[in-house]
S.K.: 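Attaching a single structure in structure tokens format; questions to follow.
Numbers here simply count residues along the sequence, with the first being 1.
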Amino acid sequence: MAGARAVPRALSGSGPDRFLWALDKMAVGMEWLQRNSRRNRRPVAPVDRDIRLEVAEVRAEADEVISLRLVGDGLLPAWQPGAHLDLVLPSGRTRQYSLCGEPGDRRSYRIAVRRIADGAGGSREVHDVLRPGSRITARGPRNAFPFITAEKYLFIAGGIGITPILPMVRTAAARGADWRLVHTGRSRESMPFLDELAELDPARVWIRPDTEFGVPASGAELLEHAPPGAAVYCCGPIPMITGVRVDLPGSAADSLHWERFSAPPINDGRPFTVELARTGRTVRVPADRSALEAITEVLPQVPYSCRQGFCGTCHVRVIDGDVDHRARAAEDHMAICVSRGTDHVVLDL
């Protein structure tokens, strides 16, 4: 990544020094991820359009992962690799899912959803409620993970992180670019779309389940496959992205573009309370949780999308109280996914 500060190479030997260095390395990466989740992101253009869709097909793609093919009444809005839909579920919950079908297919969209048993309920609802014939509403498509034109690419996907990466790989191959893909996961059974990846050039694809290779020891191991000067696209869990970011300066790659499916860590949070003016309820927000998490426990229909502070979906008008703004928002609004109140905040909810 251009402008990244130098990172020391791995220390030789073993023992406490190496362990402490590894902890420091992870801390640096987490600090960078938290800082850059709020800055240096191209704002996502709001899309107010509602699209009425019907589930045409539900297919098992891996353990606890299903794909849904969604169709409309005619041609659907066009999209580019990296785009996502905001899906409004029957309960009123709004969830963000990457488009993982063919960008040129205007007749249908495809998304894939991993069931998260201890999550907030969105993935369970998709798995348990949506069936062929179910009608739902979507907003978008929007793109917070734009795919740049380059001569060389390295794609790194962790588990369900393959969903935005798959259309990028196909587009790179169609353009004649020099590309490589590293797909990681707990096991082959847990990794979606292996059948489709098998149709690609096997010399360019490394399927890397932990059960066969162990958990990646560092980002450098994954970056070894980067063609010189490559643009790296990475999507997956925070530790993987952190490792790739930290080790990027010592690799042959040129730049890093990343997306994660989880909220940024809260490293300096303080507890506060949120009063929901329309319902009269008051919600306590602990130091280690976001206002969004706390509010959706009592108002699951509150819309949100990225959970990282850049899409604008969860912005709520502030009636009273001071806000520690950690995302761009109008002065009288609060991005409840990342911003925090200083003590007590009254919101228009």
Side-chain angles (χ1 to χ4, degrees), residues 5 23-24 26-48 84 86 92-96 116 118-122 139 142 144 237-239 241-242 245 258-349:
R5 68 185 182 91
L23 287 178
D24 179 69
M26 180 64 73
V28 170
M30 293 295 287
E31 178 185 356
W32 180 90
L33 280 175
Q34 185 180 32
R35 182 173 64 251
N36 284 273
S37 69
R38 305 195 297 264
R39 302 188 313 180
N40 301 327
R41 280 281 201 166
R42 188 177 76 175
V44 184
V47 179
D48 297 327
H84 68 269
D86 293 337
R93 296 183 177 99
T94 300
R95 295 295 185 266
Q96 175 190 44
I116 303 175
D118 58 351
R139 301 189 183 103
R142 299 187 294 172
I238 289 176
I241 297 174
T242 301
R245 181 264 155 188
W258 55 270
E259 183 175 61
R260 63 187 176 209
F261 291 147
S262 60
I266 301 172
N267 294 329
D268 56 352
R270 296 181 180 180
F272 63 101
T273 55
V274 175
E275 181 180 338
L276 310 178
R278 299 186 190 180
T279 66
R281 304 185 68 169
T282 297
V283 178
R284 181 180 176 274
V285 182
D288 61 348
R289 300 187 71 195
S290 69
L292 175 65
E293 291 178 285
I295 291 170
T296 52
E297 287 187 352
V298 299
L299 291 179
Q301 70 273 22
V302 170
Y304 68 87
S305 184
C306 72
R307 294 184 294 170
Q308 299 174 47
F310 58 82
C311 78
T313 304
C314 72
H315 290 193
V316 178
R317 188 171 70 89
V318 178
I319 297 175
D320 190 26
D322 295 325
V323 175
D324 175 13
H325 290 287
R326 304 188 178 192
R328 293 179 181 179
E331 185 176 353
D332 61 343
H333 281 67
M334 175 180 177
I336 60 175
C337 64
V338 293
S339 296
R340 306 186 68 79
T342 57
D343 182 22
H344 181 77
V345 179
V346 182
L347 299 180
D348 187 16
L349 283 173

S.K.: Tell me, do Phe272 and Asp343 make a side-chain contact under 4.5 Å, heavy atoms counted?
M.R.: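 Not in contact.
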
S.K.: With rounding to the nearest 0.5 angstrom, report the CZ to NE2 distance, Arg317 to His333.
M.R.: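 One finds 7.0 Å between CZ of Arg317 and NE2 of His333.
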
S.K.: Output all residues satisfying side chain to side chain contact (heavy atoms under 4.5 Å, CB included) with Val283, sequence neighbours left out; order by chain, then residue number.
M.R.: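 For Val283, the residues satisfying side chain to side chain contact (heavy atoms under 4.5 Å, CB included) (neighbours in sequence not counted) are Leu276, Ala294, Val298.
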
S.K.: Residues in side chain to side chain contact (heavy atoms under 4.5 Å, CB included) with Asp288, at least two apart?
M.R.: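 Residues passing side chain to side chain contact (heavy atoms under 4.5 Å, CB included) with Asp288: Pro286.
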
S.K.: Would you name the heavy atoms of Met334 and Gly341 that are closest together and state the gap between them?
M.R.: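 Minimum heavy-atom contact is CE-N, 4.0 Å.
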
S.K.: Output all residues satisfying side-chain hydrogen bond (donor to acceptor under 3.5 Å, both in side chains) with Asp324, sequence neighbours left out; order by chain, then residue number.
M.R.: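 Counting only residues at least two positions away or on another chain, Asp324 forms a side-chain hydrogen bond (donor to acceptor under 3.5 Å, both in side chains) with Arg326.
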
S.K.: Among all residues two or more places apart in sequence or in another chain, which pass the side chain to side chain contact (heavy atoms under 4.5 Å, CB included) test with Ala277?
M.R.: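 Ile319, Val346.
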
S.K.: Could you check whether any side-chain heavy atom of Ile336 comes within less than 4.5 Å of a side-chain heavy atom of Val302, counting everything from C-beta outward?
M.R.: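 Yes; the side chains approach each other to less than 4.5 Å.
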
S.K.: Show me the pairs that pass side chain to side chain donor-acceptor pair (under 3.5 Å) and involve residues 272-281, at least two apart or across chains.
M.R.: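 Only Thr273-His344, Glu275-His344, Arg278-Asp348 qualify under side chain to side chain donor-acceptor pair (under 3.5 Å).
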
S.K.: Answer whether the closest heavy-atom distance between the side chains of Val318 and Asp320 falls below 4.5 Å.
M.R.: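 With C-beta onward as the side chain, the pair stays apart.
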
S.K.: Distance check, rounded to the nearest 0.5 Å: Ser339 atom OG versus His315 atom NE2?
M.R.: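 The NE2 atom of His315 is 7.0 Å from OG of Ser339, to the nearest 0.5 Å.
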
S.K.: Check side-chain hydrogen bond (donor to acceptor under 3.5 Å, both in side chains) between Arg289 and all other residues, then give those that pass, not counting sequence neighbours.
M.R.: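 In terms of side-chain hydrogen bond (donor to acceptor under 3.5 Å, both in side chains), with neighbours along the sequence ignored, Arg289 is linked to Glu297.
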
S.K.: Considering only heavy atoms from C-beta outward, does the side chain of Asp322 approach that of Val345 to under 4.5 Å?
M.R.: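 Result no, sub-4.5 Å side-chain heavy-atom pair not found.
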
S.K.: Mark yes or no for whether Ser290, through its side chain, and Glu293, through its backbone, hold a donor-acceptor pair below 3.5 Å.
M.R.: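 Such a contact is found between Ser290 side chain and Glu293 backbone.
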
S.K.: Under the criterion salt bridge (Lys or Arg N to Asp or Glu O under 4.0 Å), I'd like the reasoning laid out for Arg142 against Asp86: C-alpha separation, chi angles, the key distance, then a yes or no.
M.R.: CA-CA 8 Å; Arg142 299 187 294 172; Asp86 293 337; 2.5 Å; yes

